[in-house]
Protein chains: 2
Amino acid sequence: MELAFINRNGIVPFYYQIQQQLYERIRLGELKPGDALPSEHEISTRLGVSRMTARLAVKSLCELGIVYSKQGKGSFVSGLKLEKNFRQVLSFTEEMALSGRQARSRILGFETIPAEAEVAQALGIKRQESVVRLRRLRIADSVPMGIESSYLPDRLCPGLKDTFDPRTSLYKALSDHYGIQMAIADEVIESGLAEAEEARLLRIRRGSPVFSFTRTSYVQQGRAVEYVKSTYRGDRYRIVNRLVRLKHEFIERDVKNG
Amino acid sequence: MELAFINRNGIVPFYYQIQQQLYERIRLGELKPGDALPSEHEISTRLGVSRMTARLAVKSLCELGIVYSKQGKGSFVSGLKLEKNFRQVLSFTEEMALSGRQARSRILGFETIPAEAEVAQALGIKRQESVVRLRRLRIADSVPMGIESSYLPDRLCPGLKDTFDPRTSLYKALSDHYGIQMAIADEVIESGLAEAEEARLLRIRRGSPVFSFTRTSYVQQGRAVEYVKSTYRGDRYRIVNRLVRLKHEFIERDVKNG
DNA sequence: AATCCTAACTTGTATAGACAACCAGACGGG
DNA sequence: CCCGTCTGGTTGTCTATACAAGTTAGGATT
């Protein structure tokens, strides 16, 4: 186990390298659910970093729900497999990779159109302003899972249609060609029924249960850059989430019944 | 702005007090969306704590999506409102209170029964072992929202039926009478269709879209103490979540499509 | 034998300081 | 005027250390 100072992205922080090493050991099954991670002290002496750096690595895995720490005992691998990550903005492919599935996409449509009211409001632009719409069928292990329609203001990413390589990530294209980096996303999840066209594409019956996701992504200045409406199969897709009862409750108001 | 060492829960960490103070200033509108927070240096000198402590306070607000930080510039209030907290274990009433609604419950059933296979497996007990089942209709602003069935091993909370006051929280009863404190919960969310009895209770049509929640709650030792199956109306209930894009991407493997 | 207590381990909080990376505005030379 | 450079301020990472607090095992005491 060695720390490299450099990778293709330039300098990589120690804590991040340690985080990756630990995750790799978990992913390979060397550390199984319930197993204790090396203690912060052991990591720090073994790798020659300070305990705070080792701690940062473990803490970042905690935030992802992959491990949990108990004061006085140690840090342990949590047995929960995340099928949907509720902490990070992840692309469909990243999400599937986390649960060990092979993701593919089929582009259903890619055009520049005037924004309809709902899209304009979400993106904070005028009605009829040009937006790019990218419609994709998302496929995991050859099974169609969902339909995603992404809307982006054309002004922010002119010529996206020409520069975008469908084999790469949309987020990567936005970052590389336009310097746009997503920071925060708000997501609304609703339960609905498959409409005719959705049912056909997803190979399910009309009226089958589906998830409807509506996601608005923002850059750090708070400006919305992407609005996504998705429909996912209710029979194949489910959301797994781990909730933590915080030591110090963030919300402390007078809530009495429960 | 002063730091108190003690509150009703005992000693409260500095960083948490600072976090609360900052959040209060945001909540009251003293710090508006887009405004810069005091710099870590300013917080540390003004309050007489180290910069790392001030940083911890700001970072915890970042994780909640309430503020964002930019290297070289500062930390800023993000302009987004949080409707539902997806990080903490919250009871129905707490959840409704957060979105400003009045919550009520009607007890549909409360009995001690032998555990069926699904319940036994989730709770890690033998089949046929006694479990308490509490079935409640959850009502928000006089509108029926969902049906919750909680299962608890009778062994862990003998006599719950007698001690439980339906007007108070189940979690509070478990904590007060049995010393049981929830620490972690794993939740699975699925999309489904309302069955006949559910539809009747929720006053919706059979076959309407619903959310199915399955939640297993654990105490810190990792033992399961509660298994909850819920069905919530798809037309009235929705999940709002905020996601954060991490600076260093967690997944760096060969993810090509996105 | 049962109980208490201590020691050694863990994570949690906090300090004081250092340098790097990044940003903006001021300043200067072309 | 334009364009680098400098400079001071910010967050990001990291070190070394210290003590608090929770857990566990084993030894001492009763």
Side-chain angles (χ1 to χ4, degrees), chain A residues 3-7 9-20 22 35-63 67-78 179 181 183 220-221 244 246-248, chain B residues 3-7 9-20 22 35-63 67-78 179 181 183 219-223 244 246-249:
Chain A
L3 294 182
F5 282 73
I6 303 288
N7 79 352
N9 298 323
I11 292 169
V12 177
F14 283 168
Y15 80 87
Y16 177 70
Q17 296 178 45
I18 298 168
Q19 182 217 54
Q20 290 287 307
L22 290 172
D35 285 0
L37 264 60
S39 75
E40 294 168 0
H41 181 259
E42 190 183 335
I43 292 172
S44 70
T45 55
R46 194 190 292 266
L47 297 181
V49 298
S50 78
R51 195 192 132 205
M52 289 303 275
T53 302
R55 181 174 174 69
L56 211 53
V58 174
K59 210 175 160 236
S60 61
L61 286 172
C62 276
E63 277 155 26
V67 311
Y68 58 93
S69 297
K70 283 183 189 170
Q71 185 172 357
K73 292 194 73 176
S75 299
F76 305 87
V77 180
S78 94
Q181 272 146 11
Q220 287 202 310
Q221 290 74 20
V244 178
L246 298 180
K247 186 172 178 180
H248 303 285
Chain B
L3 294 181
F5 283 73
I6 304 288
N7 79 352
N9 298 322
I11 293 170
V12 177
F14 284 168
Y15 80 88
Y16 176 70
Q17 296 178 46
I18 297 168
Q19 182 218 52
Q20 290 289 305
L22 289 172
D35 286 0
L37 265 60
S39 75
E40 294 169 0
H41 181 259
E42 190 184 335
I43 294 173
S44 70
T45 54
R46 194 191 292 268
L47 298 181
V49 298
S50 76
R51 195 193 132 204
M52 288 304 274
T53 303
R55 182 174 173 71
L56 211 53
V58 174
K59 207 173 161 241
S60 62
L61 286 172
C62 277
E63 276 156 26
V67 310
Y68 61 91
S69 297
K70 239 190 159 176
Q71 184 170 357
K73 291 193 72 174
S75 298
F76 305 87
V77 180
S78 87
Q181 273 146 8
V219 291
Q220 285 204 311
Q221 289 74 21
R223 194 166 48 179
V244 177
L246 301 179
K247 184 173 179 183
H248 299 285
E249 287 307 320

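Here is how names work: the chains are called A, B, and so on, in the same order as the sequence lines, proteins then strands, and each is numbered from 1.
- Counting to the nearest Å, the C1' atom of D:dT13 and the CZ atom of A:R55 are 16 Å from each other.
- Taking both residues in full, the closest heavy atoms of B:V12 and B:Q17 are given as O-NE2, 2.9 Å, listed atom of the first, atom of the second, then distance.
- Taking atom CG on B:L37 and atom P on D:dT10, their separation rounds to 13 Å, with Å as the unit.
- Of all non-hydrogen atoms in B:T53 and B:Y15, the two that sit nearest each other are O-CB, 3.7 Å.
- A residue-by-residue look at B:A54 and B:R51 shows that B:A54 has its nearest nucleotide of DNA chain C further toward the 5' end.
- Looking at B:I43 and B:L22, their side chains come closer than 4.5 Å, going by heavy atoms from C-beta outward.
- At least one side-chain nitrogen or oxygen of A:S39 sits closer than 4.0 Å to the OP1 or OP2 atom of C:dT10.
- The distance from atom CG of A:L56 to atom C1' of D:dA16 is 16 Å, rounded to the nearest whole Å.
- Note: A:Q20 CD to A:S60 OG = 9.0 Å, rounded to the nearest 0.5 Å.
- Atom C1' of nucleotide C:dA8 and atom NE2 of A:H41 are separated by 12 Å, given to the nearest angstrom.
- Between A:K70 and the phosphate of C:dT10, there is no side-chain N or O to OP1/OP2 separation shorter than 4.0 Å.
- Distance, B:L61 CG to D:dT11 C1': 15 Å, rounded to whole Å.
- A sub-4.0 Å separation between OP1 or OP2 of C:dT15 and a side-chain N or O of B:T53 is present.
- What separates CD of B:Q19 from C1' of C:dT13 is a distance of 15 Å, to the nearest Å.
- Comparing B:E40 and B:M52 by the nucleotide of DNA chain D that holds the closest heavy atom to each, the one mapping nearer the 5' end is B:E40.
- Separating the NZ atom in B:K70 from the CZ atom in B:F76 is a distance of 8.0 Å, to the nearest 0.5 Å.
- Rounded to an integer number of Å, the gap from B:Y68 OH to C:dC22 P is 19 Å.
- In this structure, B:Y15 does not reach the C:dA14 phosphate: none of its side-chain N or O atoms is under 4.0 Å from OP1 or OP2.
- When distances run from any side-chain atom of B:Q71 to the nucleotides D:dG12, C:dA24, C:dG12, the shortest one goes to D:dG12.
- In this structure, A:S75 reaches the C:dT11 phosphate: one of its side-chain N or O atoms is under 4.0 Å from OP1 or OP2.
- What separates CD1 of A:I18 from P of D:dT13 is a distance of 13 Å, to the nearest Å.
- B:S50 has no side-chain polar atom (N or O) that falls below the 4.0 Å cut-off from OP1 or OP2 of C:dA14.
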